[in-house]
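Contents: one structure, followed by commentary.
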Amino acid sequence: MRQPGIYSGMLSGLSGKTGPHSLPLARIKKIMKKSGDDVKMISGEAPIVFSKACELFIEELTRRSWMMTMQGKRRTLQKDDVASAVAATDIFDFLVNLVTEPLNGDEDAPGGTDIIEH
Amino acid sequence: MPIANVIRIMRRILPAHAKISDDTKETIQECVLEYISFITGEANDRCQQEQRKTITAEDVLWAMGKLGFDDYIEPLTIYLNRYREIEGDRPSNSLRSEAFYLNKRGSASNTGGMDYYYGPPPPPAGMLPPHGPPYHQAMGYMDPAAAAAMGTYYGVGPSPGSSSSANSPSQANLAGFDPFAPFKY
């Protein structure tokens with residue numbers, strides 16, 4: 001877990017009443033609500049915590065994925081690098097199905113058939 | 001979830017010469033959505049077990065601890081406390097004036113049990129906490145040493161309208177006040 005710079009980055013999202021937070025709070029709230037049928041109410045602070053948590057999450061996932069890229073002596077971060085990072089990290093187990101293509105014979109084929117819209 | 005935001009955060013980590021394939025950007029974006037759902041689901045389960053209707057920041061942090069994201073809890077707690085300090089004088093936020101500290105390495109267990117010690121936030125340098133209702137340790141997690149320390153702290157302070165010279169006794173007390181002292185390992 002990276003420690004230096006944690007304060008310099010920490011306050012950057014708090015310069016105003018509503019932000020700028022790195023990730024939009026309304027969108028986070030919507031995603032939280034969609035996570036289950038029985039999600040009722042969400043306090044105002046919960047999306048705030050998530051906006052920062054998602055930053056930390058993206059940073060960690062990126063860092064670990066990039067390590068895989070470097071091991072392959074490449075400079076372009078590929079989806080397979082993310083899959084390798086997920087496989088190598090226990091707490092990312094919940095992502096395994098998301099990042100791994102079902103095996104269709106050629107394990108190394110880049111996943112290009114899924115069109116994801118958000 | 002806007003992909004531009006995701007990419008910006010990724011770029012903070014990557015060296016300048018690094019490139020990111022397009023499907024990687026989408027993948028990371030989907031991972032973020034999954035992360036939010038994953039944590040929220042756990043937090044929501046806890047709320048339901050405790051028959052509460054509202055998912056709070058504390059629930060989110062608890063869920064993160066339970067699901068293995070312990071390392072995030074400390075920076076997120078600090079972030080949340082800063083947010084509460086900045087927003088603290090707004091009427092809509094005065095209801096939740098409790099901040100919390102974490103007791104991490106000593107008692108965080110692999111089974112996910114986390115102890116949260118509730119108490120007032122560390123004061124900004126040279127200032128008292130915002131005026132408002134006295135801080136309640138409503139959750140009952142305060143240990144006696146911490147409560148005593150904070151009781152001492154709250155017994156001292158300048159009266160309203162005092163000059164700066166009257167602040168120095170409280171500052172001297174603040175200098176010795178270490179909110180994390182009971183939790184040092």
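The figures here come from the full heavy-atom set of this structure, side chains too, leaving out hydrogens, waters and symmetry mates. A, B, ... follow the sequence lines: proteins, then strands. Residue 1 opens every chain. For clarity, every value in this text was computed on a predicted model and none was experimentally measured.
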To the nearest 0.5 Å, what is the distance between CZ on A:Phe92 and SG on B:Cys31? 8.5 Å
Could you check A:Val82 against B:Ile28 for side chain to side chain contact (heavy atoms under 4.5 Å, CB included), going step by step and ending with a plain yes or no? CA-CA 8 Å; A:Val82 180; B:Ile28 303 274; 3.9 Å; yes
Counting C-beta onward and ignoring hydrogens, is there a side-chain heavy-atom pair between B:Met64 and A:Phe50 closer than 4.5 Å? yes
From B:Tyr35 atom OH to A:Ile91 atom CD1, the distance as rounded to the nearest 0.5 Å: 7.5 Å
Let me confirm one number: the OH-NZ distance from B:Tyr72 to A:Lys52, rounded to the nearest 0.5 Å. 11.5 Å
Determine the interplanar angle of the A:Phe94 and B:Phe69 rings, folded into 0 to 90°, and report it as parallel if under 30°, tilted if 30 to 60°, perpendicular if over 60°. perpendicular
Taking every heavy atom of A:Val49 against every heavy atom of B:Ala57, the minimum-distance pair comes out as CG2-CB, 3.6 Å
B:Val32 versus chain A, heavy atoms under 4.5 Å apart: side chain, backbone, both or neither? both
Linked, directly or transitively: B:Leu14 and A:Leu56 (ILVMFWY side chains, under 4.5 Å): yes
Heavy-atom side-chain proximity of B:Lys19 to A:Arg75 below 4.5 angstrom: no
Do you know which of A:Asp90, A:Ile42, A:Ile58 has the most heavy-atom pairs under 4.5 Å to chain B? A:Ile58
Could you check whether any side-chain N or O of B:Thr27 sits under 3.5 Å from a backbone N or O of A:Lys79, counting only pairs where one atom can act as donor and the other as acceptor? no
Would a single hydrophobic cluster contain both A:Val86 and A:Met68, if residues Ile, Leu, Val, Met, Phe, Trp and Tyr are joined by side-chain heavy-atom contacts under 4.5 Å? no
How far does CG of A:Leu77 sit from CD1 of B:Ile20, to the nearest 0.5 angstrom? 6.0 Å
A:Met67 and A:Phe57: same hydrophobic cluster, using ILVMFWY side-chain contacts below 4.5 Å? yes
Select all residues of residues 32-41 of chain A having any heavy atom within less than 4.5 Å of some heavy atom of chain B, and report them by number, or 'none'. A:Met32, A:Ser35, A:Asp38, A:Val39, A:Lys40, A:Met41
Hphob cluster co-occupancy, A:Val99 + B:Met10, side-chain heavy atoms under 4.5 angstrom: yes
Give me the atom names and distance for the closest heavy-atom approach of B:Asn5 to A:Pro24. ND2-CD, 3.7 Å
Out of curiosity, does B:Leu61 fall in the hydrophobic cluster containing B:Phe38 (side-chain heavy atoms, cut-off under 4.5 Å, transitive links)? yes
Do B:Thr56 and A:Glu45 pass the side chain to side chain contact (heavy atoms under 4.5 Å, CB included) test, and can you show the C-alpha distance, the side-chain angles, and the key distance before you say yes or no? CA-CA 7 Å; B:Thr56 64; A:Glu45 290 177 333; over 6 Å; no
Drop me the distance from A:Ile31's CD1 to B:Ile36's CD1, to the nearest 0.5 angstrom. 4.0 Å
Is the shortest side-chain N to carboxylate O distance from A:Glu55 to B:Arg12 below 4.0 Å? yes
List in chain and number order the residues that pass salt bridge (charged side-chain N to carboxylate O under 4.0 Å, His left out) with B:Glu34, two or more places apart in sequence or in another chain; answer none if no residue qualifies. none
One should read off an interatomic distance between B:Ile13 CD1 and A:Leu61 CG, to the nearest 0.5 angstrom, of 10.5 Å
